[in-house]
There are 2 protein chains.
Amino acid sequence: MSMSHSGRMDAVATTVQRYSPPTSGQEAREEPCWPALSEAPLRRDDAETLAGVLRAIADPARLQLISLIQAARGGEACVCDLVAPLGLSQPTVSHHLKVLLDAGFVTRCRRGSWAYYRLVPERLAALAQLLA
Amino acid sequence: MSMSHSGRMDAVATTVQRYSPPTSGQEAREEPCWPALSEAPLRRDDAETLAGVLRAIADPARLQLISLIQAARGGEACVCDLVAPLGLSQPTVSHHLKVLLDAGFVTRCRRGSWAYYRLVPERLAALAQLLA
DNA sequence: AGTTAGTATCGACAGATGTCGATGTCTCAC
DNA sequence: GTGAGACATCGACATCTGTCGATACTAACT
């Protein structure tokens, strides 16, 4: 409520469609405010954007990925640590991580030849607040 | 928090797969507790159940339905009131409402030849709490 | 009974999605 | 430079999903 809450979705849309990976590491970006679900009526394009974000986590493999990354030491995990627990092929895991990345639920950080993924808890929190 | 929070998913699963419509009207049922997303690691079947619930609302038409029902007078709306705002055919709207019904996000109550749908706000709230 | 109106179900179809093997890209070690 | 390992991308395929028109069902009203 302290921030402007009436911003439209356009800014969010671009953020969601392709979540720019932090080119140099950290994340220090505005967490966007979606229009609350209780603010009816929801416009069609707002609904599409919101549905896109929800669809990103409406998948068992991706939910397990979120869970695994959160539980990992240091709050980060690389792909090779996630393949076995999921029981899926490496390309498939990479694909799911990319979906989560594009939706802004995780960030990627390359170190050596490994790619470490971390959660963006504010993203989940924002979504939760929106549903409540 | 007052209720037992460590219940497994099995009971939930059946509730989710086919949400028994209140045969005689009211809703007075246990709202199930999913395993929190933060309680890692998430089992595969738990992830599937949770993903199923999320998929039910990860659709623009269904999000708009939720929004429209909530905004309707008396907190309820019949199908004929929802067809026009959504711009979809009546069978399609009926289909989406059934998805929401099966997932427990709405209840149905027939009065005359109309079918009135209401939200189950606890369902959304439970989902929100789970993501946070 | 017949008619009308509101919903639900069915069958079909196009488009989206999850999955994999094969291959490309990048980084490090030798 | 060569090779090996970690990850991403590509192409293909089967399955799932949203959508509609047609039709069946149900309740009210003549």
Side-chain angles (χ1 to χ4, degrees), chain A residues 17-19 21 23 44 47-66 68-69 72 76-103 106-118, chain B residues 17-21 23 25 44 47-48 51-66 68-69 72 76-103 106-118:
Chain A
Q17 306 265 342
R18 177 58 59 135
Y19 207 78
T23 319
R44 178 68 188 194
E48 303 231 1
T49 304
L50 184 49
V53 176
L54 283 169
R55 222 178 309 118
I57 60 170
D59 178 275
R62 293 195 284 270
L63 286 173
Q64 281 192 290
L65 281 175
I66 290 176
L68 286 168
I69 293 173
E76 63 181 7
C78 56
V79 182
C80 58
D81 293 332
L82 299 169
V83 169
L86 249 66
L88 296 174
S89 72
Q90 175 266 316
T92 300
V93 173
S94 247
H95 165 252
H96 285 306
L97 286 169
K98 177 170 170 48
V99 173
L100 290 175
L101 183 70
D102 290 347
V106 301
T107 56
R108 174 165 49 190
C109 169
R110 305 209 61 144
R111 228 171 318 149
S113 58
W114 287 269
Y116 286 91
Y117 287 85
R118 321 187 129 263
Chain B
Q17 305 265 342
R18 178 58 57 134
Y19 207 77
S20 62
T23 318
R44 179 66 188 195
E48 302 230 2
V53 177
L54 283 168
R55 224 179 306 117
I57 61 171
D59 179 274
R62 293 196 283 271
L63 287 173
Q64 279 191 292
L65 281 175
I66 290 176
L68 285 167
I69 293 174
E76 62 181 8
C78 57
V79 182
C80 57
D81 294 333
L82 299 169
V83 169
L86 248 67
L88 296 174
S89 72
Q90 176 266 315
T92 300
V93 173
S94 246
H95 165 252
H96 285 307
L97 286 169
K98 179 171 170 46
V99 173
L100 290 175
L101 183 70
D102 290 348
V106 300
T107 56
R108 173 164 50 188
C109 169
R110 305 210 60 145
R111 230 174 313 151
S113 58
W114 287 270
Y116 286 91
Y117 287 85
R118 323 187 128 264

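Residue numbering restarts at 1 for every chain, and letters A, B, ... go by the order of the sequence lines.
Proximity note for B:His96 (side chain, C-beta onward) versus D:dT19, C:dT19, D:dG18: the nearest is D:dT19. Closest to the side chain of A:Arg55, from the set C:dC20, C:dT17, D:dT9, is C:dT17. Nearest to the side chain of A:Ala61, among C:dT19, D:dC20, D:dC7, sits C:dT19. Closest to the side chain of A:Pro91, out of C:dT19, C:dG6, C:dG21, is C:dG21. With C:dA8, D:dG18, D:dT9 as the candidates, the nucleotide lying closest to the side chain of A:Ser94 is D:dT9. The listed nucleotides are C:dT19, D:dT9, D:dC7; the one nearest the side chain of A:Lys98 is D:dT9. The side chain of B:Gln90 lies closest to C:dA8 when the candidates are D:dT9, C:dA8, C:dG6.
For the atom pair CD of B:Gln90 and NE2 of B:His95, the computed distance is 13.0 Å after rounding to the nearest 0.5 Å.
Contact annotation: B:Arg110 does not reach the phosphate of C:dA8 (side-chain N/O to OP1 or OP2, under 4.0 Å). Between D:dA6 and A:Tyr117, no contact under 4.0 Å exists linking OP1 or OP2 to a side-chain N or O. Dashed line: the shortest gap from a side-chain N or O of B:Ser89 to OP1 or OP2 of D:dC20 is under 4.0 Å. Between D:dC20 and B:Thr92, a contact under 4.0 Å exists linking OP1 or OP2 to a side-chain N or O.
Regarding A:Asp102, its CG atom lies at a distance of 13 Å from the P atom of C:dG18, rounded to whole Å. Regarding B:Leu82, its CG atom lies at a distance of 9 Å from the P atom of C:dT7, rounded to whole Å. Separating the CG atom of A:Leu65 from the C1' atom of C:dT19 is a distance of 14 Å, rounded to the nearest angstrom. Look at CZ on B:Arg108: it is 13 Å from C1' on D:dC25, rounded to the nearest Å. For A:His95 and D:dG11, the NE2 to P distance is 15 Å, given to the nearest whole Å. Between the CG atom of B:Leu97 and the C1' atom of C:dA8 there is a distance of 11 Å, given to the nearest Å. Taking atom CG of B:Leu100 as the reference point, atom C1' of C:dA8 lies 16 Å away to the nearest angstrom. The separation between B:Gln64 atom CD and D:dT19 atom P is 10 Å, rounded to whole Å.
Residues A:Ala58 and B:Val79 both approach DNA chain C. Their nearest nucleotides, taken by heavy-atom distance, put B:Val79 toward the 5′ side. A residue-by-residue look at A:Gly112 and A:Asp59 shows that A:Asp59 has its nearest nucleotide of DNA chain C further toward the 5' end.
Ion pair B:Arg111/B:Glu76 flagged as a salt bridge, since at least one NZ, NE, NH1 or NH2 atom sits closer than 4.0 Å to an Asp/Glu carboxylate oxygen.
Contacts of B:Arg111 with the nucleic acid, taken as non-hydrogen atoms under 4.0 Å apart, are absent.
A donor-acceptor distance shorter than 3.5 angstrom exists from the side chain of A:Arg62 to the backbone of A:Ala56, with no hydrogens or angles considered.
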| query | Given B:Val79 and B:Tyr117, is the side-chain contact (heavy atoms from CB on, under 4.5 Å) satisfied, shown in steps? | reply | CA-CA 8 Å; B:Val79 182; B:Tyr117 287 85; 3.8 Å; yes
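Across every non-hydrogen atom of A:Leu97 and A:Ile69, the tightest pair is CD2-CD1, 4.1 Å. Residues B:Leu63 and A:Ala47 come closest through the heavy atom pair CD1-O, 3.6 Å.
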